[in-house]
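Taking it in order: structure first as structure tokens, then the write-up.
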Amino acid sequence: MKNINLAFLGLGTVGGGTYEILKMNKDLIEKRTNCSFTVTKVLEMNQDRIKSLGLDPALQVTDPALIYESDDVDIVIEALGGIDFPAEIMEKSLLNGKHVVTPNKAAVAANFDKLKEAARKGNAQFRFEASVGGGIPALTAIQEALAGNQFTQVMGIVNGTTNYILTKMGDEGWSYEEALKDAQAKGFAEQDPTSDVEGIDASNKLSILMALCFDTYVAPDDIPREGITRVSMDDIKDAQAKNGKIKLIALASKMDGKLEYSVKPTFISNDHPLSGVSNEFNAIYITGNAVDELMFYGKGAGALPTGSAVVGDILAIAKNI
Ligand code: HSE
């Protein structure tokens with residue numbers, strides 16, 4: 001059996017969830033891939049996280065060069081969060097021929113071309129399935145099973161925190177503050193939830209979706225954006241009275257060669273499939289000129305659902321090494 005060495009950068013919600021899955025499903029993962037996986041390095045300042053996952057504290061490094069220059073690292077799993085620092089480590093890792101997996105949508109969206117180019121130069125694989133839609137394997141499907149399509153529209157609920165808040169306000173009558181606090185406690189929200197509630201996180205994800213669906217990179221800051229902080233209980237009740245819901249919708253469509261895109265709270269009628277997407281669930285609704293309409297649905301946040309996509313990328317890489 002082939003052994004694959006892993007380095008974890010960050011063992012928070014997603015990094016920790018990823019490692020838990022590798023432990024929980026070890027036997028079947030080994031059987032399916034004919035590979036075993038060994039963690040050889042961990043860049044995580046919080047020793048308690050390392051210990052609580054049952055990892056050896058001696059694996060801890062504080063200098064990322066000890067990861068991207070190491071001979072005993074095959075795949076770097078970057079789950080630190082942030083933009084510049086993780087992007088720099090990912091770029092150096094890829095240039096050094098290390099394969100990289102990340103759920104970090106902010107770093108991927110801000111550095112899409114640079115990281116792709118580093119992967120090409122380093123002859124390394126760069127995968128980021130977990131960066132959009134958590135556990136939903138939409139990015140792989142777009143690039144593989146759906147690669148024969150010309151896409152005309154991609155529309156999604158791609159932020160679990162805001163969907164959770166809007167659902168709890170609408171279905172349970174919770175206040176915005178109560179719902180946000182609960183979403184934070186459940187580990188859905190970003191470290192700074194401004195990124196969720198102001199639509200920044202959804203813009204990062206839309207930027208990645210557009211790069212893959214339309215081969216066009218649009219920087220997240222160039223996407224017109226409105227978050228949910230101005231959505232009131234009255235707005236939500238108003239939508240309910242009109243047989244619909246308010247959802248934070250990321251939308252990109254291409255008509256006659258013109259790409260249009262936005263992230264904003266949108267009225268969704270109850271007979272649209274996206275209206276049934278509640279709580280931290282996400283959905284990505286795609287239209288392609290061959291496949292027609294298609295919807296992916298699943299948990300868009302949380303340790304194990306997001307970790308599921310990270311593990312899928314690790315295994316896909318392992319099989320190709
Ligand atoms: N804060 C993000 C969300 C996490 O709520 O969707 C998953 O990307």
Side-chain angles (χ1 to χ4, degrees), residues 10-18 21 77-83 86 101-110 112 127-140 154-169 174 176-209 211-212 220 223 225 227-229 231 246-251 263-265 274 277-285 296-313:
L11 285 172
T13 304
V14 183
T18 300
I21 296 167
I77 300 142
E78 186 284 302
L80 289 167
I83 299 183
V101 176
T102 185
N104 185 339
K105 54 268 158 146
V108 174
F112 191 83
R127 297 183 69 107
F128 42 89
E129 177 61 75
S131 66
V132 179
I136 303 172
L139 302 190
T140 306
V154 54
M155 176 181 186
I157 294 172
V158 290
N159 181 267
T161 302
T162 46
N163 204 38
Y164 188 83
I165 294 171
L166 293 173
T167 303
K168 292 297 180 201
M169 287 174 76
W174 291 11
Y176 169 87
E177 288 76 18
E178 255 178 306
L180 172 58
K181 216 168 142 202
D182 202 45
Q184 286 178 291
K186 290 193 157 82
F188 306 150
E190 300 300 301
Q191 273 165 8
D192 176 1
T194 311
S195 165
D196 296 293
V197 297
E198 294 297 355
I200 299 164
D201 179 73
S203 300
N204 289 331
K205 291 164 177 167
L206 184 61
S207 167
I208 296 170
L209 283 169
L212 300 185
I223 297 175
R225 176 185 86 215
I228 64 159
T229 48
V231 176
I246 294 179
K247 296 284 186 193
L248 185 69
I249 297 291
L251 173 69
V263 169
K264 60 181 182 206
L274 285 175
V277 180
S278 303
N279 293 313
E280 78 272 31
F281 280 84
N282 281 196
I284 298 161
Y285 194 90
F296 298 91
Y297 170 83
K299 284 195 173 167
L304 294 185
T306 313
S308 162
V310 176
V311 170
D313 278 349

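Both counts, for ligands and for their atoms, begin at 1 and track the order of listing.
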**Message:** How far is atom 2 (C) of ligand 1 from the closest protein heavy atom, and which atom is that?
**Reply:** Glu190 OE2, 3.1 Å
**Prompt:** Among protein heavy atoms, which lies nearest atom 7 (C) of ligand 1, and at what distance?
**Reply:** Gly300 O, 3.3 Å
**Message:** Below 4.0 Å, non-hydrogen atoms only: which portion of Lys105 touches ligand 1? Side chain, backbone, both or neither.
**Reply:** side chain
**Request:** Would you kindly specify which portion of Asp196 sits under 4.0 Å from ligand 1, judged on non-hydrogen atoms: side chain, backbone, both or neither?
**Result:** side chain
I need the atoms of ligand 1 closer than 4.0 Å to a non-hydrogen atom of [X], numbered in the order shown.
X	answer
Asn159	2 (C), 3 (C), 5 (O), 6 (O)
Phe188	1 (N), 2 (C), 3 (C), 4 (C), 5 (O)
Lys205	2 (C), 3 (C), 6 (O), 7 (C), 8 (O)

**Request:** Grab the two heavy atoms, one from Val263 and one from Ala202, that are nearest each other, plus how far apart they are.
**Result:** CG1-CB, 3.8 Å
Looking only at N/O atoms, are [X] and ligand 1 under 3.5 Å apart anywhere?
X	result
Thr161	yes
Gly160	yes
Ala189	no

**Message:** Donor-acceptor pair, distance only, cut-off 3.5 Å: does the side chain of Lys205 make one with the backbone of Val158?
**Reply:** yes
**Item:** More than 12 heavy atoms of other groups within 6.0 Å of Gln191 CD
**Value:** no
**Prompt:** Should the pair Phe128 and Phe112 be assigned to parallel (<30°), tilted (30 to 60°) or perpendicular (>60°) ring geometry?
**Reply:** perpendicular
**Partner of Tyr164 under side chain to side chain donor-acceptor pair (under 3.5 Å), chosen from Asp182, Asn279, Asp196** = Asp182
**Item:** All side chain to side chain donor-acceptor pair (under 3.5 Å) counterparts of Asn163, not counting sequence neighbours
**Value:** Lys247
**Item:** With sequence neighbours excluded, residues passing side-chain contact (heavy atoms from CB on, under 4.5 Å) with Lys264
**Value:** Glu226, Ser262, Thr266
**Request:** Work out whether the distance between some heavy atom of Gly134 and some atom of ligand 1 is less than 4.0 Å.
**Result:** no
**Message:** Out of the candidates Asn159, Val197, Leu180, only one should pair with Ile228 under the side chain to side chain contact (heavy atoms under 4.5 Å, CB included) rule; please name it.
**Reply:** Val197
